[in-house]
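These notes concern the structure reproduced below.
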Amino acid sequence: MKSNIAHLVEQALALIPELADAPELSSISKSVERTRDSRHGDFTTNIAMRLAKSVDKNPRELAAQIIEYLPASKFVDKVELAGPGFINFHVASAAFHQEIASILDNGDNYGRQKAKEKPRYLIEFVSANPTGPLHVGHGRHAAYGATLGNLIEAAGYPVDREYYLNDAGRQMDILGVSVWVRMLEQRGERVPFPEAGYKGDYIGEIAASVDNSQLPDVSVDKLCSDLPPDAPAGDKEQFIDALIRKAGELLGEDLFRYVRHEAHTRISADIEDDLKGFGIEFDRWFSEQSLTDEGLISDALQLLKDRGMLYEKDGATWFRATDYGDEKDRVVVRENGKTTYFASDIAYHYGKRKRGYDHLLDVLGSDHHGYVARVRAGLEAMGYAGDCLEVELVQFVSLYRADKKLSMSTRSGSFVTLRQLREEVGNDAARFFYVMRSNDQHLDFDLELAKKHSNDNPVYYIQYAHARVASVFRQLNEKSMKWDKGPGLENLAALAETHEKALMRTLSRYPEIIELAANNRAPQHLVHYLRDLASEFHTYYNAHTFIVDEDELRNARLALIAATRQVIANGLNILGVSAPDSM
RNA sequence: GCGCCCGUAGCUCAGUUGGAUAGAGCACCUGCCUCCUAAGCAGGGGGUCGCAGGUUCGAAUCCUGCCGGGCGCACCA
């Protein structure tokens, strides 16, 4: 609908010779907006004010001229010049009627843009370390990333979703050691648990379930001999590193690798199951270890070396990140010969491009913002455009229960898992609450509100509108009546009430909202839109009866509410929230 | 100290990339079920858009400087 108006404006401007090379001409469609105030019509453009100075004309004069050249359209009732130079469009009812027909015809596909082949998106999100269950912060990443994927897909782009599994490196050693110590404990050894180890109960559960028939007996004395003191007396990091070396010696590398592998595969399986239960599935679980195994790290480093982007200093290999705007150069190979996490990241993003993705969209915690510049630097140094990497940062989540902030300390083991949250408030409320706020805004998640079955709770408010439409159609059946869609669509002109007009206008905005939310990576636009739509429906519901005796009016009203149900369902589907027929 | 994000109604937040009189929800008041689900509707009060300058026809939005909050600044991941 909006693009029709923009097209009219475009045609008019083409007829004004002085405007031929005005620079603003490229942004005509951007200059056409919905009005905020219905007295100003349905659409407005400020193009005359934007162009006025480049052609040295009075904005109102120019606007008048544009209006004069506007081609006639059956979709526009009236065009007005207003204020300092706005051109306001009053859209004909026929255009809204056609939109209702389009909603019903397209069904679940209404609002989806036509498919494009490029750019190919790869969205990476969650990517939490497989060292424990997901907590409520990861839940926000999951909901946001999944919704973003749905939105961009609805905007017509091919999207793949990927989870980067950090299954390599020191933290896997720490995980393995944590499980091993619990296994020894379960054998009755009174071994001290390392301060830097993972303390959650799930470690004990893994320890109990891992095959321990090969596990050598290790006494406390043997374990603790020549170990440095643990915290608080000593350094917990030094202690656990020593303990990891001990594990290698006493357990043997093969057995230690086995324990580590068991631990992380069980945890990642649990994460996958948790996300699946949350309605989120990935196209790929990408193993960090595979980067080394398949030579991608050495390939990436070789490429950087060939391009002269690496140098040696203090026994380490450095990448010239400062050449590409990073604050400092970064180590890629440590003095001890091991590659850094950053090297993995460069290789991982290099691999993404090699696999054919044009646009790399990473959803990261806001605490990772510092690392964006260096990954981008890496891509640029390898010859890719820096803007092929986009990073959306997600701020932290605070849980509240009755005005009381819940402590989220991982150390104390008192953190709330995503699974607990889902069980308490349900998937629908969780998915909805997570994307209700802008991702760069801290989120206060109110557990009590999410559980409330009342109008306080926006998710139920929207779902209720959907259920109410379904209920109306059930009533129709009970009265042995039928909705005749064809006559309904033909008689939409019978819908003359202000509530009906408002509802039609709001419905017609849906495709624009999808585009807006997708382009801005801002699911909250869709959330707010759905709330507005539900509100207009509830108002209409209270003001008028749909199942009236008069056939034409009844069929038309039913067409309108059927379209409303469809749009609500489509929007909720993108958010990953169910659209129930009864509540 | 340097960098990124955020300061909008009592509370939680939107604000269509610079538009017309700054909007919702909650909370607080007043009404509405003989009627398709009251998980609903109608109405009311509530603002120095952190502060100060600047850019222009026009600023919550863009620029600069302060103030306040969060996060980051590893040969950790």
Side-chain angles (χ1 to χ4, degrees), chain A residues 30-31 33-37 39-40 44 46 49-50 52-53 58-60 82-86 88 129 131 166 168-172 174 237 288 313-318 327-328 330-336 338-342 344-345 365-373 393 395-396 400 403 436-438 440-444 446 449 452-465 467-476 478-479 509 512-513 515-517 519-520 522 524-525 527-529 531-532 534-535 537-548 561 582-583:
Chain A
K30 253 179 152 179
S31 82
E33 297 179 345
R34 291 273 174 172
T35 57
R36 295 177 191 220
D37 187 332
R39 282 172 306 183
H40 298 135
T44 187
N46 59 10
M49 289 178 282
R50 297 171 92 166
K53 55 177 171 286
N58 172 316
R60 280 188 65 98
F86 292 105
N88 294 337
N129 295 335
T131 55
N166 295 107
R170 179 170 171 260
Q171 62 182 341
M172 285 298 110
I174 296 176
E237 302 297 337
E288 181 189 356
K313 192 182 91 180
D314 305 333
T317 306
W318 297 70
E327 296 169 344
K328 49 173 84 165
R330 307 288 174 177
V331 171
V332 286
V333 184
R334 286 187 276 252
E335 201 177 355
N336 65 13
K338 287 187 176 172
T339 55
T340 58
Y341 177 82
F342 172 55
S344 294
D345 256 322
S366 59
D367 53 336
H368 284 70
H369 70 78
Y371 116 143
V372 177
L393 298 172
Q395 294 284 346
F396 297 144
Y400 284 80
D403 294 337
M436 198 163 58
R437 303 295 178 223
S438 167
D440 52 24
Q441 202 61 256
H442 287 262
L443 177 67
D444 289 331
D446 186 334
L449 177 61
K452 257 189 188 171
H453 287 206
S454 76
N455 58 346
D456 302 1
N457 190 335
V459 65
Y460 293 117
Y461 182 86
I462 295 165
Q463 288 181 319
Y464 185 44
R468 265 183 154 176
V469 177
S471 171
V472 171
F473 281 94
R474 278 196 298 273
Q475 282 291 321
L476 193 70
E478 280 171 28
K479 293 181 179 176
R509 281 172 53 210
E512 294 158 34
I513 295 296
E515 196 181 352
L516 175 75
N519 288 343
N520 292 352
Q524 78 271 15
H525 288 304
V527 169
H528 287 280
Y529 168 81
R531 224 212 145 270
D532 286 348
S535 168
F537 171 78
H538 287 309
T539 298
Y540 181 36
Y541 182 97
N542 269 68
H544 299 284
T545 305
F546 308 141
I547 304 178
V548 293
I561 66 168
S582 67
M583 295 175 72

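Please read all numbers here as calculations on a predicted model, not as lab measurements. Heavy atoms only: backbone and side chains are in, while hydrogens, waters and symmetry mates are out. By convention in this document, chain letters (A, B, ...) are assigned in the order of the sequence lines, proteins followed by strands, and residues within each chain are numbered from 1.
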Between [N] and [M], how many Å separate the two [atom1] atoms, rounded to a whole number?
N	M	atom1	answer
B/C75	B/C5	P	25 Å
B/A60	B/U21	C1'	15 Å
B/C29	B/G68	C1'	34 Å
B/C62	B/U8	P	15 Å
B/C32	B/A38	C1'	9 Å
B/A39	B/G44	C1'	24 Å
B/U16	B/A59	P	16 Å
B/G23	B/C28	P	24 Å

Candidates [options] - which lies nearest the side chain of [X]:
X	options	value
A/Glu288	B/C73, B/A77, B/U16	B/A77
A/Thr340	B/C36, B/C57, B/A77	B/A77
A/Ala316	B/C73, B/C75, B/C36	B/C75
A/Asp314	B/A77, B/C6, B/C75	B/C75
A/Asn129	B/C41, B/C36, B/A77	B/A77
A/Gln395	B/A77, B/U12, B/C5	B/C5

When all nucleic acid strands are considered with a 4.0 Å heavy-atom cut-off, which category describes [X]: base, sugar-phosphate, or nothing?
X	value
A/Asn520	base
A/Gln441	sugar-phosphate
A/Asn88	base
A/Arg36	base
A/Asn166	nothing
A/Ala373	nothing
A/Ser366	sugar-phosphate
A/Ser582	base
A/Tyr541	base
A/Lys328	sugar-phosphate
A/Arg60	nothing
A/Ser471	base
A/His538	sugar-phosphate
A/His528	sugar-phosphate

* To do: Not counting sequence neighbours, which residues clear side-chain contact (heavy atoms from CB on, under 4.5 Å) with A/Ile561? List them please.
  =>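 Applying side-chain contact (heavy atoms from CB on, under 4.5 Å) to A/Ile561 gives A/Val469, A/Val472, A/Phe473, A/Phe537, A/Tyr540, A/Phe546, A/Leu558.
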* **B/U17: syn or anti, per glycosidic angle within 90° of 0** =>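 Syn, which is what one calls it when the glycosidic angle falls within 90° of 0.
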* With syn defined as a glycosidic torsion within 90 degrees of 0 and anti otherwise, which applies to B/C33? ->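 What B/C33 shows is a syn base, its glycosidic angle lying within 90° of 0.
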* Whenever both distances are under 3.5 Å in a Watson-Crick or G-U wobble pair, mark it; put RNA chain B into dot-bracket that way, with [ ] for crossing pairs and | when the partner is on another strand. => (((((((..((((.....[...)))).(((((.......))))).....(((((..]....))))))))))))....
[Y] backbone acceptor or donor facing [X] side chain under 3.5 Å:
X	Y	result
A/Asn520	A/Ala522	no
A/Asp314	A/Ala316	no
A/Trp318	A/Val332	no
A/His544	A/Thr539	no
A/Asp37	A/Arg39	yes
A/Thr44	A/Asn88	no

* 5′-ward residue of the pair A/Trp318/A/Asp532 relative to RNA chain B ->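 It is A/Asp532 whose nearest nucleotide is closer to the 5' end.
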* **First of A/Asn519 and A/Gln475 reached from the 5' end of RNA chain B, by closest nucleotide** =>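 Per heavy-atom nearest nucleotide, the more 5' residue is A/Asn519.
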Measure the distance from [atom1] on [X] to [atom2] on [N] and round it to the nearest whole Å.
X	N	atom1	atom2	answer
A/Glu515	B/U17	CD	P	11 Å
A/Glu33	B/U16	CD	C1'	6 Å
A/Tyr529	B/G15	OH	C1'	17 Å
A/Lys479	B/C35	NZ	P	11 Å
A/Ile513	B/A14	CD1	C1'	12 Å
A/His525	B/C13	NE2	C1'	13 Å
A/Gln524	B/A14	CD	P	6 Å
A/Arg468	B/C35	CZ	C1'	12 Å

* Charged N to carboxylate O under 4.0 angstrom, A/Glu515 versus A/Arg509? ->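 Result for this pair is no, no salt bridge flagged.
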Has the side chain of [X] got a donor or acceptor atom sitting under 3.5 Å from an opposite partner on the base of [N]?
X	N	answer
A/Asn46	B/G19	yes
A/Thr44	B/A20	yes
A/His369	B/C5	no

* Can you check whether A/His40 stacks with the B/A20 base, using ring centres under 5.5 Å and planes within 30°? ->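 The base of B/A20 is stacked with A/His40 (centres under 5.5 Å, planes under 30°).
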* Asked: Can a side chain N or O of A/Ser344 be found less than 4.0 Å away from OP1 or OP2 on B/A77?
  ->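 Answer no for this pair, as no side-chain N or O of A/Ser344 is under 4.0 Å from OP1 or OP2.
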Find out whether [X] and [Y] are in side-chain contact, i.e. whether some heavy atom of one side chain is under 4.5 Å from a heavy atom of the other.
X	Y	value
A/Val333	A/Lys338	no
A/Met172	A/Asn129	no
A/Gln524	A/Met436	no

* Nearest heavy atoms of A/Gly83 and A/Arg60, plus distance in Å ->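 The answer is O-NH1, 2.6 Å.
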